[in-house]
Number of protein chains: 2
Amino acid sequence: MSNTPLRLPPLKSLLAFRHAARSLSFKDAAGQLHVTQAAISQQIKTLEETLGVPLFERHTRQISLTHEGQYLFEHAEKAFELLETGVKGIIDDPNPNTLVISTLPSFASRWLVSRLGHFQEKEKDINIHLSPSLSLASFSDGNLDLSIRLGQGTYAGLRSDLLFDEFLLPVCHPALLNNTKEIKQQLAALPVITDGGPDLIHVWPEFQRYLGSTNTPLKSHLHVSDSTILIEALLSGQGITMARFSLVYELIEKGQLICPLPIYVKSYYSFYLVAPAPHFKHHKVTTFISWLKGETKTIEASWQAYLKAHPELEKLEISYGKIEDGC
Amino acid sequence: MSNTPLRLPPLKSLLAFRHAARSLSFKDAAGQLHVTQAAISQQIKTLEETLGVPLFERHTRQISLTHEGQYLFEHAEKAFELLETGVKGIIDDPNPNTLVISTLPSFASRWLVSRLGHFQEKEKDINIHLSPSLSLASFSDGNLDLSIRLGQGTYAGLRSDLLFDEFLLPVCHPALLNNTKEIKQQLAALPVITDGGPDLIHVWPEFQRYLGSTNTPLKSHLHVSDSTILIEALLSGQGITMARFSLVYELIEKGQLICPLPIYVKSYYSFYLVAPAPHFKHHKVTTFISWLKGETKTIEASWQAYLKAHPELEKLEISYGKIEDGC
DNA sequence: CGCCATAGTTAAGAAATACTTAACCATAGA
DNA sequence: TCTATGGTTAAGTATTTCTTAACTATGGCG
């Protein structure tokens, strides 16, 4: 007998065979594999032609295994059980009691950290490791369970679930404004604070147009490294910015910051839960996501309440060119 | 943990992974699987994304397995070994000492049977079961090893290897002709013997044209069930036919039959060895085929010698319409 | 007994997957 | 320092798998 290495028949047809042989029904096998009966029929036919032997006897509406079919089934069943065991062991959570989350430092410090106590009290057997990151952290080394990012949800090879949409408001310290001049004039004189978020880049032209100073450079400009610093700069009265609602709405509610103009923008970035698809099946992840979605409902509720309390708010429509994926 | 049934990742990517993990080289895995290195690279990437974990660590030009990769490899290796064992057991010959051959009764009786003694003497451990059949016998019940058919070699789901080409000659008993009249006139008066072979149907119009009697029905017509009877009819002087060279050349050499006209036709049917592809790997089949090809060289040699001895032979070109697959 | 539902089959076309090619990157070795 | 090597990726092509629709041969029910 030749020693040339064996070339397996199409593996899909072997899997189809295994299911058909186990249930002795092409129809049932089709249901199990989420394909049509015709697909199974064709797969089995191809397999029989490739192997050169019949694997089933046909009895019009029923099938039974031939001797060779029985022999092959015994091997195929064990083989696919092994594959299933191996794959399941891979995608099962190797560390079910520790949830490693990466998110924006600003979102972590301004919103999430202060709420995590509630989660930990509720879920005592899940430890949270919060890992701030300005950009999408890599899942490639296997040490990260979930990422909460602001972006477009288009991360290659990863699943992204929308958490909540983001809105941008003009925000500053109340002490920066008084009644001696018109608000727009006062604002035009304030430094603008930016943090490099790509969704903001497209907003300034509109902002300036609203202030009536189209196509002139920003008078004064404070650029900070991320939104955490940006919020601190706002709170210390360094200037004005279009701030993300999720980060400032509690400060506005407390009167520590104000929204001096009746305008807002819907960011084309939203907050997403991002991870490899199998991570979304881990108990600790699904538990955290359920809790988080409950908590972020307060952001959405606050936004709706804010809109209701300020009917004069006007939505600026931004025209975008090439949009980055997000951060 | 959810009880929803596990859906395996693409099986091809698991096989690619297995080979890459075993040799720790995408390049080597590509060679083993007869694809390009890029294909393996993409398969592994897809698998890692689907499973949500890295399986290899990359070191520019080298790879090593991660912990999860090692775990999965152990399962995958065993699983594919099982599949290979099962498949090999299927396509290996369950009955290596008995070769069941189906062929045309005419070819069996006129040519093959008388030579099989030589084969059996040469190969004492292979028993031949010769099973005459007017049409292609089914391989579906697993009791047939090889078929020798006259056709176009286009049998669905089966492999067909050309054995030899067939030629058609006008043949009759020598006693049917004398010197009193011109040969063509005498032949036109003879009954035509046919056996239903589709390759003959298209020949008669040309035959008649050659005799100078275009578009008139055959004067007299003896139809028999197959070529075995046809040869007996020829030998008993019942008429003329366009006979297959392989069946009559020995009778012509002995003077028992003659070819009264210097014409011939190349049949669009040829003799083929037909079987499910794996059967061509069985030792008994390859042994028989080697022997048979040696023996059928005498037919081809005889044909070439016949052409050389009769340089006046003219090849008639037949125009065909829709052609049947053969028998 | 006739009709309807059922499971398997097949052909043709569409959808999805896998592969190739070419260009690229980061080394390692000569 | 330059070249060869193994892995990566994008774009386009080839192949495989699937769906749909029509078909066949039952088996069971009214």
Side-chain angles (χ1 to χ4, degrees), chain A residues 7-51 54-66 69 138-141 154-158 277 325, chain B residues 7-51 54-66 69 138-141 154-158 277 325:
Chain A
R7 196 161 184 150
L8 286 167
L11 296 171
K12 276 218 164 192
S13 67
L14 282 170
L15 183 63
F17 166 73
R18 177 262 195 140
H19 281 267
R22 186 165 64 182
S23 51
L24 291 179
S25 160
F26 289 0
K27 181 174 169 25
D28 288 348
Q32 287 154 23
L33 292 169
H34 308 289
V35 295
T36 64
Q37 183 168 342
I40 300 296
S41 186
Q42 287 163 32
Q43 291 279 21
I44 301 303
K45 175 176 177 168
T46 296
L47 182 57
E48 285 174 325
E49 285 176 1
T50 300
L51 297 180
L55 300 169
F56 292 101
E57 280 169 25
R58 272 70 163 181
H59 317 290
T60 301
R61 272 160 60 185
Q62 281 183 343
I63 54 173
S64 61
L65 281 166
T66 61
S138 172
F139 287 92
S140 296
D141 61 5
T154 54
Y155 304 97
L158 299 169
D325 284 340
Chain B
R7 194 157 183 155
L8 286 167
L11 296 171
K12 274 218 169 194
S13 67
L14 281 170
L15 182 64
F17 166 73
R18 178 260 197 146
H19 281 267
R22 186 166 64 181
S23 51
L24 291 179
S25 162
F26 290 0
K27 180 173 166 36
D28 289 349
Q32 287 153 24
L33 292 169
H34 309 289
V35 294
T36 64
Q37 182 169 342
I40 299 297
S41 186
Q42 288 164 34
Q43 290 279 23
I44 300 302
K45 176 175 176 168
T46 296
L47 183 58
E48 285 174 325
E49 285 175 1
T50 300
L51 298 179
L55 300 169
F56 292 102
E57 282 170 21
R58 272 72 163 179
H59 318 289
T60 298
R61 274 160 56 187
Q62 281 182 342
I63 53 173
S64 60
L65 280 165
T66 60
S138 172
F139 287 90
S140 296
D141 60 4
T154 53
Y155 304 97
L158 300 169
D325 283 340

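Per chain, numbering begins at 1; letters A, B, ... match sequence-line order.
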Engineer: Go through C:dT20, C:dG8, D:dG6 for me and flag the one nearest to the B:A39 side chain.
Structural biologist: C:dT20

Engineer: Surrounding CD of B:E57 (heavy atoms of other residues, nucleotides or ligands, distance under 6.0 Å), is the total greater than 12?
Structural biologist: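 Above 12, so yes.
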
Engineer: Once you round it to whole Å, what is the distance between C1' of D:dG7 and CG of B:L55?
Structural biologist: 16 Å

Engineer: Where the side chain of B:S25 is concerned, which of D:dG7, C:dG8, C:dT20 is the nearest nucleotide?
Structural biologist: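 Comparing D:dG7, C:dG8, C:dT20 against the side chain of B:S25, the answer is D:dG7.
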
Engineer: Looking only at side-chain atoms of B:R61, point me to the closest of C:dA26, D:dT19, C:dG8.
Structural biologist: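 Closest nucleotide to the B:R61 side chain: C:dA26.
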
Engineer: Counting side-chain heavy atoms from CB outward, which of C:dA7, D:dG7, C:dA18 is closest to B:K27?
Structural biologist: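 My answer, after comparing the listed nucleotides, is D:dG7.
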
Engineer: Could you walk me through whether A:Q42 and A:K45 satisfy the side-chain contact (heavy atoms from CB on, under 4.5 Å) test, starting with their C-alpha distance in whole Å, then the side-chain angles of each, then the deciding distance to 0.1 Å, before giving a yes or no?
Structural biologist: CA-CA 5 Å; A:Q42 287 163 32; A:K45 175 176 177 168; 5.6 Å; no

Engineer: Once hydrogens and angles are ignored, does a donor-acceptor distance under 3.5 Å link the base of D:dG7 to the side chain of B:Q37?
Structural biologist: yes

Engineer: Should A:T36 be listed as having a side-chain N or O under 4.0 Å from OP1 or OP2 of D:dT19?
Structural biologist: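 Result: yes.
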
Engineer: For A:A29 and A:A16, which heavy atoms make the closest approach, and how far apart are they?
Structural biologist: CB-O, 4.4 Å

Engineer: Roughly how far, to the nearest 0.5 Å, is CD1 of B:I40 from CG of B:L47?
Structural biologist: 11.5 Å

Engineer: Can you tell which of B:L51, B:I44, B:T46 makes a side-chain contact (heavy atoms from CB on, under 4.5 Å) with B:E48?
Structural biologist: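 That would be B:I44; it is the only one of B:L51, B:I44, B:T46 passing the side-chain contact (heavy atoms from CB on, under 4.5 Å) with B:E48.
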
Engineer: Rounding to an integer number of Å, can you tell me how far B:I63 CD1 sits from C:dA26 P?
Structural biologist: 19 Å

Engineer: Classify the side chain of B:Q42 versus the base of C:dT17 as yes if they form a donor-acceptor pair under 3.5 Å and no if they do not.
Structural biologist: no

Engineer: Applying side-chain contact (heavy atoms from CB on, under 4.5 Å) to B:F56 and B:L65, what does each step give before you reach the verdict?
Structural biologist: CA-CA 4 Å; B:F56 292 102; B:L65 280 165; 3.6 Å; yes

Engineer: Please confirm whether the shortest side-chain N or O distance from B:S41 to OP1 or OP2 of D:dG7 is below 4.0 Å.
Structural biologist: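 Checking B:S41 against D:dG7: no side-chain N or O falls below 4.0 Å of OP1 or OP2.
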
Engineer: Roughly, in whole Å, what's the span from CD in A:Q62 to C1' in D:dG27?
Structural biologist: 10 Å

Engineer: Would you mind telling me which residue lines up with the more 5' stretch of DNA chain D, A:A38 or A:P10, judged by nearest nucleotide?
Structural biologist: A:P10

Engineer: When the distance from CD of A:Q32 to C1' of D:dC18 is rounded to whole Å, what number comes out?
Structural biologist: 18 Å

Engineer: NA contact type, B:S13, heavy-atom cut-off 4.0 Å: base, sugar-phosphate, or nothing?
Structural biologist: nothing

Engineer: For the side chain of A:K12, counting heavy atoms from C-beta on, which of C:dT9, D:dT17, C:dA7 is nearest?
Structural biologist: D:dT17

Engineer: Give one of base, sugar-phosphate or nothing for B:Q43, where a contact means two heavy atoms less than 4.0 Å apart.
Structural biologist: sugar-phosphate

Engineer: Would you mind classifying the nucleic acid contact of B:T46 as base, sugar-phosphate or nothing, using non-hydrogen atoms under 4.0 angstrom?
Structural biologist: nothing

Engineer: Mind calculating the distance between CD (A:E49) and P (C:dT9) to the nearest angstrom?
Structural biologist: 12 Å

Engineer: Nearest-Å distance, CZ (B:R7) to C1' (C:dT17)?
Structural biologist: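 One finds 14 Å between C1' of C:dT17 and CZ of B:R7, rounded.
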
Engineer: Expressed as a whole number of angstroms, how long is the span from B:I44:CD1 to C:dA18:P?
Structural biologist: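 Taking CD1 of B:I44 and P of C:dA18, I get 12 Å after rounding.
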
Engineer: If you compare every side-chain N and O of A:T60 against the phosphate oxygens of D:dT26 (OP1, OP2), does one of them come in below 4.0 Å?
Structural biologist: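 Yes, A:T60 has a side-chain N/O under 4.0 Å of OP1/OP2 on D:dT26.
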
Engineer: Please state how far atom CZ in B:R58 lies from atom C1' in D:dT9, giving the value in whole angstrom units.
Structural biologist: 13 Å

